[in-house]
Chemist: 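The structure's right below; bear with me while I get my questions together.
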Amino acid sequence: MQLYKTVVVDPPWTPELGSTWKTRFTDKSRPQKYYKTLSLDEIITYNPPVEKKSHLYLWVLNQHIDWGYKVAEAWGFKVIQMLTWCKPGLGTGQFQCNTEHVLVCRKGNRSGNPFGKTGGTYFHWSRGKHSEKPEEFFKLVEKVSPPPYLEMYARRKRDGWSSWGNEIDSNIRIKI
């Protein structure tokens, strides 16, 4: 089985707020409208195949950043830093959320496993489709973390990366 040194994960979280609303499958900001979501416990079961020294970039929901810490810890990673994507314009909901966050994590000690310089912790990148992450983010990951790379819950294949998810044809196996 291929082991990876760097993994990007954007889990299909099921947000608690609004998860029982009748509009959860129709509201434009609800993930359930676009794809099947998973509970925290289900996400934890999909442990990525990584080297003993590796990096994890874990996208988290604003309302549940704590879930990201739980996932990282369950997978054997330690959260090192959080990056913030400052989106243009305002989002939906009462707080009109226009940021997303990614936890930057490390497995193993720092020796022989460093991160490169990111140029800061917040980034102004343009928006794409619902839940789509900016290309600039992936370029940043490639700049500061070593290959081989894996993207979990991928929506498309990316040059130089292995991809796994139910929206693409993938031959990667994730051990449950």
Chemist: To the nearest 0.5 Å, what is the distance between NZ on Lys70 and CG on Leu40?
Modeler: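 Answer for the NZ-CG pair, Lys70 versus Leu40, is 6.0 Å.
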Chemist: Give the C-alpha distance, both sets of side-chain angles, the deciding distance and a yes or no for side chain to side chain contact (heavy atoms under 4.5 Å, CB included) between Val8 and Phe137.
Modeler: CA-CA 10 Å; Val8 168; Phe137 164 73; 3.7 Å; yes
Chemist: Once you round to the nearest 0.5 Å, how far does CH2 of Trp75 lie from CD1 of Ile44?
Modeler: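 That separation rounds to 8.5 Å.
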Chemist: Decide if atom CZ of Arg156 counts as having more than 12 heavy atoms of other residues, nucleotides or ligands within a radius under 6.0 Å.
Modeler: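 Atom CZ in Arg156 is packed in, count exceeds 12.
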Chemist: Considering non-hydrogen atoms only, spot the tightest contact between Ala72 and Cys105 and give its length.
Modeler: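 Here Ala72 and Cys105 meet closest at CB-SG, 3.9 Å.
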Chemist: Verify side chain to side chain contact (heavy atoms under 4.5 Å, CB included) between Phe138 and Glu151, making sure each step is shown before the conclusion.
Modeler: CA-CA 10 Å; Phe138 290 97; Glu151 181 184 9; 3.4 Å; yes
Chemist: Name the orientation class of the two ring planes belonging to Trp67 and His64 (parallel below 30°, tilted from 30 to 60°, perpendicular beyond 60°).
Modeler: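 Parallel.
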Chemist: Applying the 4.5 Å side-chain criterion to the ILVMFWY set and letting contacts propagate, would Trp85 and Ile80 be lumped into a single cluster?
Modeler: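 Same cluster.
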Chemist: Parallel, tilted or perpendicular: which describes the rings of Tyr149 and Trp161, with under 30° parallel and over 60° perpendicular?
Modeler: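 Taking Trp161 first and then Tyr149, their aromatic rings lie parallel (interplane angle under 30°).
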Chemist: Applying the 4.5 Å side-chain criterion to the ILVMFWY set and letting contacts propagate, would Met82 and Phe115 be lumped into a single cluster?
Modeler: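 No, no single cluster joins them.
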Chemist: Would a hydrophobic clustering, with Ile, Leu, Val, Met, Phe, Trp and Tyr connected at side-chain separations under 4.5 Å, put Tyr57 with Leu61?
Modeler: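 Different hydrophobic clusters.
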Chemist: Give me the one residue out of Ser163, Pro49, Ser54 that meets side chain to side chain contact (heavy atoms under 4.5 Å, CB included) with Leu150.
Modeler: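 The side chain to side chain contact (heavy atoms under 4.5 Å, CB included) with Leu150 is passed solely by Pro49 among Ser163, Pro49, Ser54.
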Chemist: Could you check, using the six-membered ring where one of them is a Trp, whether Trp125 and Phe123 have ring centers closer than 6.0 angstrom?
Modeler: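 Yes: the rings meet the under 6.0 Å criterion.
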Chemist: Heavy-atom count around Glu73 CD within 6.0 Å, excluding the residue itself: above 12?
Modeler: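 Incorrect, the count does not exceed 12.
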Chemist: Could you please spell out the steps behind the side chain to side chain contact (heavy atoms under 4.5 Å, CB included) verdict for Val7 and Met152?
Modeler: CA-CA 7 Å; Val7 180; Met152 292 177 61; 4.0 Å; yes
Chemist: Report, as yes or no, whether the 6.0 Å neighbourhood of atom NZ on Lys53 holds more than 12 heavy atoms from other residues, nucleotides or ligands.
Modeler: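 Check passes, neighbour count above 12.
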Chemist: Is it the case that atom CG in Asp169 sees more than 12 heavy atoms from other parts of the structure closer than 6.0 Å?
Modeler: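 Count not over threshold, so no.
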Chemist: With a 4.5 Å heavy-atom cut-off, do Phe77 and Leu58 have their side chains touching?
Modeler: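 No, too far: nothing below the 4.5 Å cut-off.
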Chemist: Can you confirm whether Tyr46 sits close enough to Pro11 that some side-chain heavy atom of one is under 4.5 Å from a side-chain heavy atom of the other?
Modeler: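 No; the side chains remain at least 4.5 Å from each other.
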Chemist: Let me check something: do Val9 and Val141 share a hydrophobic cluster, defined by ILVMFWY side-chain heavy atoms less than 4.5 Å apart, either directly or through other members?
Modeler: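 Different hydrophobic clusters.
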Chemist: Find out whether Ser162 and Tyr4 are in side-chain contact, i.e. whether some heavy atom of one side chain is under 4.5 Å from a heavy atom of the other.
Modeler: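 Yes, their side chains come closer than 4.5 Å.
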Chemist: Between atom CD1 of Ile65 and atom CG of Leu103, what is the distance when rounded to the nearest 0.5 Å?
Modeler: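 Going from the CD1 atom of Ile65 to the CG atom of Leu103 covers 7.0 Å.
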Chemist: So, taking the atom named CD in Gln63 and the one named CH2 in Trp13, what distance separates them when rounded to the nearest 0.5 Å?
Modeler: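 If I round to the nearest 0.5 Å, the distance is 11.5 Å.
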Chemist: Specify the closest pair of heavy atoms between Gly112 and Pro114, including all atoms of both residues, with the distance to one decimal.
Modeler: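 Between these two residues, the closest heavy atoms are C-CD, 3.4 Å.
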Chemist: Measuring from atom NE2 of His55 to atom CG of Asn113, what distance do you get when rounded to the nearest 0.5 angstrom?
Modeler: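 Atom-to-atom, His55:NE2 and Asn113:CG are 4.0 Å apart.
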Chemist: How many angstroms lie between atom OG1 of Thr6 and atom CD of Glu51, to the nearest 0.5 angstrom?
Modeler: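 Separation between the atoms: 10.0 Å.
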Chemist: So, does Thr84 use its side chain to make a donor-acceptor pair with the main chain of His101 at under 3.5 Å?
Modeler: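 Between the backbone of His101 and the side chain of Thr84 there is no qualifying donor-acceptor contact (under 3.5 Å).
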Chemist: Counting the benzene-type ring for Trp, do Trp59 and Tyr153 have ring centres under 6.0 Å apart?
Modeler: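 No, the ring of Trp59 stays outside the 6.0 Å limit from the ring of Tyr153, centre to centre.
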Chemist: Determine, for Arg158 against Glu135, whether the closest basic-nitrogen to carboxylate-oxygen distance falls under 4.0 angstrom.
Modeler: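 A salt bridge is present here (some side-chain N lies under 4.0 Å from a carboxylate O).
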Chemist: Output, in order, the C-alpha distance, side-chain angles, deciding distance and verdict of side chain to side chain contact (heavy atoms under 4.5 Å, CB included) for Leu83 and Leu140.
Modeler: CA-CA 11 Å; Leu83 304 179; Leu140 175 71; 4.0 Å; yes
Chemist: Checking the side chain of Thr14 only, and the main-chain atoms of Leu38 only, is there a donor and an acceptor separated by less than 3.5 Å?
Modeler: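 Confirmed, Thr14 side chain pairs with Leu38 backbone.
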